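Report on the following structure.
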Amino acid sequence: VAFSPDRRALASMSGRAVHLWDVQTSALLHTLKWPNNYSVNSLAFSPHGGVLASEGGDYTVSLWDARTGTQIHSLKGHKGKVLTVAFSPDGSTLALGLFEQQITLWDVARGQPVYAFDRQEENRTKRMEFSPDGTLLAVGVIDGTVRLLDVASGNIEKILKYNCETDIHGLAFSPDGKYLATGGRVPAVILWDVASGEVVRTFRLTDNSISMDFSPDGTILASAGGYEHEVLLWDVESGNLLRSLPHNDQIMRVAFSPD
């Protein structure tokens, strides 16, 4: 599933179809039919909510007009299966993390590839996130490291490595781009200084963390994941735990509202 940025619409996957729902009324807005016999594997809304990206088992990514339910583009021609996608902050660019150690950038309006980064390594991309100004792309891979790519040149600016070798499941930039929070199959969320590439602090958990998000003012970090069935709210500057929000089931994704 995926929520639109304004939380008014919800996209859900069901076999070869994507359903768009009105969150307040629970009404079905649109049914987006995948144009082949493959199932839909992942979904992502653009930052402004106007475009929905869906990825299927045939290695293509479809871009849909979220308001009308019509298909805008079908992105094809890249190497291998798409593992993760990320929109740039202005919604003009879509990054695809591929099975074959490649990352491709696509122009959303034209549906055309901009360029590709070929990574000379065996580690596959697990998660990606653009910096708030769109100049950096954080790429989390299965060996537990995060690459900071310069979007304009494709060069690796920094490699962030914690003392573990495990998948990176969660990435979140602070609103000012100063910090990057990372999480995976370790009982901790790591806060990095983007400029220096150094660890600022470690938020200790009792289970792994697969999702995190900063509050709009950047003062609070929310984390969730594993089997603890709770969302933890942290003070970013002090590292203190502010509050625990318990739930009845496993939490897969957390996000702050714009206000």
Side-chain angles (χ1 to χ4, degrees), residues 42 44 46-47 53 55 59 61 75 77-108 112-186 188-202 208-214 218 221:
S42 61
S46 63
E55 179 271 321
Y59 302 171
V61 174
L75 311 184
H78 41 264
K79 302 177 185 175
K81 180 177 174 57
V82 179
L83 301 178
T84 182
V85 301
F87 279 97
S88 62
D90 63 2
S92 66
T93 303
L94 181 67
L96 310 182
L98 307 178
F99 186 87
E100 299 295 338
Q101 292 84 54
Q102 188 186 68
I103 296 168
T104 60
L105 297 185
W106 292 75
D107 184 293
V108 172
Q112 296 295 321
V114 180
Y115 52 78
F117 310 126
D118 283 299
R119 298 188 292 108
Q120 303 302 316
E121 58 198 44
E122 294 299 322
N123 294 310
R124 296 168 189 155
T125 300
K126 293 291 291 185
R127 183 69 191 272
M128 298 183 298
E129 189 81 15
F130 280 93
S131 62
D133 63 4
T135 61
L136 293 176
L137 180 65
V139 179
V141 295
I142 63 173
D143 69 348
T145 62
V146 177
R147 274 72 166 161
L148 295 181
L149 297 181
D150 182 275
V151 173
S153 66
N155 295 329
I156 298 177
E157 295 294 306
K158 291 180 178 65
I159 298 179
L160 311 181
K161 184 173 178 59
Y162 194 58
N163 57 349
C164 63
E165 292 187 3
T166 183
D167 296 3
I168 295 293
H169 286 279
L171 294 171
F173 278 98
S174 60
D176 60 4
K178 180 179 179 181
Y179 299 127
L180 176 68
T182 66
R185 293 181 183 176
V186 290
V189 174
I190 314 303
L191 189 69
W192 303 85
D193 184 288
V194 173
S196 67
E198 300 295 327
V199 175
V200 177
R201 62 182 48 85
T202 301
N208 58 31
S209 181
I210 61 175
S211 180
M212 57 218 62
D213 192 29
F214 284 89
L221 178 68

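Everything numeric in this text was worked out from a predicted model, so none of it was measured.
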Between [X] and [Y], what is the shortest heavy-atom contact and its length?
| X | Y | result |
| --- | --- | --- |
| K161 | D143 | NZ-O, 4.3 Å |
| G91 | P47 | CA-CD, 3.8 Å |
| R127 | I168 | CB-O, 3.9 Å |
| D90 | S92 | OD1-OG, 2.8 Å |
| F214 | A172 | CE1-O, 3.3 Å |
| M128 | I103 | SD-CG2, 4.0 Å |

Sub-4.5 Å side-chain heavy-atom contact between [X] and [Y]:
| X | Y | value |
| --- | --- | --- |
| V85 | L94 | yes |
| V146 | L180 | yes |
| L148 | I156 | no |

Separation of [Y] [atom2] from [X] [atom1] (nearest 0.5 Å):
| X | Y | atom1 | atom2 | result |
| --- | --- | --- | --- | --- |
| L105 | L137 | CG | CG | 7.0 Å |
| E198 | D193 | CD | CG | 8.0 Å |
| L149 | L136 | CG | CG | 8.5 Å |
| L75 | L96 | CG | CG | 6.5 Å |
| L98 | F117 | CG | CZ | 12.0 Å |
| W106 | Q112 | CH2 | CD | 7.0 Å |

Practice prompt. Could you walk me through whether W192 and V199 pass the side chain to side chain contact (heavy atoms under 4.5 Å, CB included) test, one step at a time?
Written response: CA-CA 4 Å; W192 303 85; V199 175; 3.4 Å; yes
Item to complete: Look only at the side chain of K178 and the backbone of F173, and say whether a donor-acceptor pair between them is shorter than 3.5 Å.
Response: no
Practice prompt. Please identify each residue that fulfils side-chain contact (heavy atoms from CB on, under 4.5 Å) with S46, with sequence neighbours left out.
Written response: V51, F87
Item to complete: List the steps and the verdict of side chain to side chain contact (heavy atoms under 4.5 Å, CB included) for L191 and V189.
Response: CA-CA 7 Å; L191 189 69; V189 174; over 6 Å; no
